[in-house]
Structures are given as structure tokens and as C-alpha cells.
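Working notes, structure below.
Keep in mind it's a predicted model, so treat the numbers as computed, not measured. Whatever order the structure lists ligands and atoms in, that order sets their numbers, starting from 1.
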Amino acid sequence: MKPTNRATRRRTDPIAGDDVLAGLRAPRKYLPCKLLYDARGAELFEQICTLDEYYPYRSELALLGEHLPAIAQAVGPAARVIEPGSGAGQKTRMLLSALDRPATYIPIDVSAEQLAATARDLHAEFAGLEVIPIAADYTAQLALPPPRHAGRSLVFFPGSTIGNFEPTDARQFLARFAALAGPDASIVLGADANADAEELLRAYDDAQGVTAAFDLNVLAHLNRAYAATFDLAAFMHRAVWDAARSRIEMHLVSRRRQIVHVAGEPIHLERGEPIVTEHCYKHSPDVLAALLDEAGWRVRQVFADPRGRMRLWLGER
Ligand code: AVI
């Protein structure tokens, strides 16, 4: 699979059956959002990125197009780019093209197959670039090989994926990568700060139903990988804006009272009961600046789209 955007970098590692069941046993049912990204889910996410309603992808692309020269200037030559996710999407290529002779590219992903394809493609496209794939879960502890060149390290985490973490986990993730990247490192982080409920509801429940298909695909994934018995027609997708927490949620709502089996365990659902499948925090700039600061990153520059929704954060250790 070698399409051109971040969807190809979704995580496809197996998720412990216990994590799945823990969520379905909870008073407010939820599923690990990683489940969204099996092969079909990754394809559907790619389609989401092309939708008019899903502005974060387009906005960030425009921001990168406009501000990468300034970012490249700040980072300097011979950079060592570290990307949680297997990269090789359009945004990675834009970054590597903008940087002054990047020395090393380190994609980190659970899919060894995806990493091998990334390494092969980037070798062919960027002469002299050393690609060091790391097959690992980037949300867990990991080690990186020491830098072999004099340039700065740059952590690249676009896509507003930071919003999919709980704030405590987001802080830990940013702090871990600050430590991994080393004392002279920079970070480019993409994040969405939109709090316009109507716009968000459209972005996460589009008119063509692509996001609904993406959400419902989780149940097909569970049927296949966790011996579950979900009838997809018995659920509907809903997007919910939680203003108090400043996050958009995807719900699968049970259309009827039903019992579903997952890994042999009966799960009772009431009519209208939701299963939360994903949330994306839309942190205000103040909250995001504090997260970066607490994780050991000093904000050097912030580039916002004209409507102040998406931002690229350039931070330094
Ligand atoms: C991957 N992530 C940043 C996307 C988001 O906006 O939370 C996933 C997504 N879910 C629904 N639409 C897109």
C-alpha cells in the first residue's frame, strides 16, 4: 500500500483482546481508536482527507506549503528527521524536499512491511538520504540509534493526531520524543484548535457518509479479528461535540436493544446506547502551548491558517 497521505501511516498492530473487552464492559462503552485503522479503515481515512468538510488535512497542507521554507531555515542543514508513523506521505515528502540536504529519516511504525516500502520509496526519491526504519509502537517506550551527522534532529508529527491522545498521554508522548530527539532538537507539530461545533460536526459526519463508513468499519474489524458478532446495520454513526472537554467524538449508536458477542463474551447494548470509537481534542493555542512547554519544548514560531483553526507549531528543546 503506497498512497500519498498520512492515512497510510495508521497503526495496524494487533490490539489486546483485553483492551477491547475492557472498553465494552465500561459504563460508557468505548473502543481503542487504533481499531479504526485496518487496511479498509486506512483507505477510508484517505478518502476522508479528500472531503470538502474535512478541512484539517487541506489546511495543514496549505500551511506546510507556505511555511516550510521558514521551518527549514530554522532547522538548518543535514537534519535527522524523526517521524512517529511510517511516513512517505505527501507531507513527509514536502518536508524532506524543503529541508537543506536532510541526512537521516527515521520513520517509526508497527508495520515492518509499511516501513520497508517507505524506506525503498524515499531512497529512490531523495539521493543521499539515510532511512532508518524503526519497527515499534511509537506510543510505547523505544530507543533510537544515536545521530551520525552534525545536523539538528527534527520530530515531525503533523495531521492533528495529537488530538487523538488523552491530554496526559499527549504530554507524555511529547516529553518522550523530546528526550529521544536530544538536546538540540526541534519539533513540527500540527494541531487543530477549531471550536465551531457545526463545522466540526460536518467534518466528522460528512454528507457522503465516508466518515460513517470509516466508523462502522471498526465493527467489521472486530468481527474479523476478535470473533465478534456485530451486525453493522444495527448501528449508526454519530459525531458529538463535547464543548466542556473541547473534543469531537465519534459514536456508534445501537439502533436497538441487542446482545453482541465479542471473543465469546456477551455485550449488552440498549437502544440508543453509544460506543465511543474515537475522540479528537481541539486544544486552544494556550492549552497546546502549555502541553509543549510541560513536555520540554519551547515554542519558537506558530503558523496559523487564516481562520485560526489549524496551526503548525515549531518548537525547540
Ligand atoms: C487521524 N486523526 C487525526 C483524525 C481526526 O481528525 O481525529 C481521524 C479522523 N476521524 C474522523 N475523521 C478523521
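Polar contact with ligand 1: present for Tyr204 (N/O pair, distance under 3.5 Å). Between Tyr54 and ligand 1, at least one N/O pair is under 3.5 Å apart. For ligand 1, one of its N or O atoms has an N or O atom of Glu278 under 3.5 Å away. Residue Asn164 places at least one N or O, backbone or side chain, under 3.5 Å from an N or O of ligand 1.
Per-residue contacts place Phe214 under 4.0 angstrom from the following atoms of ligand 1 (heavy atoms of the residue considered): 10 (N), 11 (C). Listed by atom number, the atoms of ligand 1 under 4.0 Å from Met250 heavy atoms are 11 (C). Here is the list of ligand 1 atoms found below 4.0 Å of a heavy atom in Phe45: 1 (C), 4 (C), 8 (C), 9 (C), 13 (C). Of all the atoms in ligand 1, the ones that sit under 4.0 Å from a non-hydrogen atom of Thr161 are 3 (C). Residue-ligand proximity, Cys280 to ligand 1, at heavy-atom distances under 4.0 Å covers atoms 7 (O). Every atom of ligand 1 is numbered from 1 in the order shown, and the set under 4.0 Å from a heavy atom of Tyr37 is 1 (C), 8 (C).
Met236 and Leu216 fall into different hydrophobic clusters, defined by Ile, Leu, Val, Met, Phe, Trp and Tyr side-chain heavy atoms under 4.5 Å apart, directly or through other members. Linking Ile, Leu, Val, Met, Phe, Trp and Tyr residues whenever their side-chain heavy atoms come within less than 4.5 Å places Met94 and Leu129 in a single cluster.
Remark: the Glu60 side chain and the Ser160 side chain contain no N/O donor-acceptor pair separated by less than 3.5 Å.
For the ligand labelled ligand 1, residue His279 lies outside the 4.0 Å heavy-atom shell. For Tyr57, the heavy-atom gap to ligand 1 stays at 4.0 angstrom or more. Contact between Ser160 and ligand 1 is present, with at least one heavy atom of the residue lying under 4.0 Å from the ligand. Within the 4.0 Å heavy-atom cutoff, Gly159 counts among the residues contacting ligand 1.
Below 30°, between 30° and 60°, or above 60°: for Phe165 and Phe157 the angle between ring planes is above 60°, a perpendicular geometry. Ring orientation note: the planes of Tyr281 and His279 are nearly perpendicular, at an angle over 60° on the 30°/60° scale.
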Evaluation steps, side chain to side chain donor-acceptor pair (under 3.5 Å), between Tyr57 and Gln90: CA-CA 11 Å; Tyr57 185 81; Gln90 191 173 359; 3.3 Å; yes

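Residues Thr92 and Thr118 are not in side-chain contact: their nearest non-hydrogen atoms beyond the backbone lie 4.5 Å or more apart. Looking at heavy atoms from C-beta onward, Leu200 lies in side-chain contact with Tyr55 at the 4.5 angstrom threshold.
Looking at Asp196, Asp242, Asp192 one by one, the single match for salt bridge (charged side-chain N to carboxylate O under 4.0 Å, His left out) with Lys282 turns out to be Asp192.
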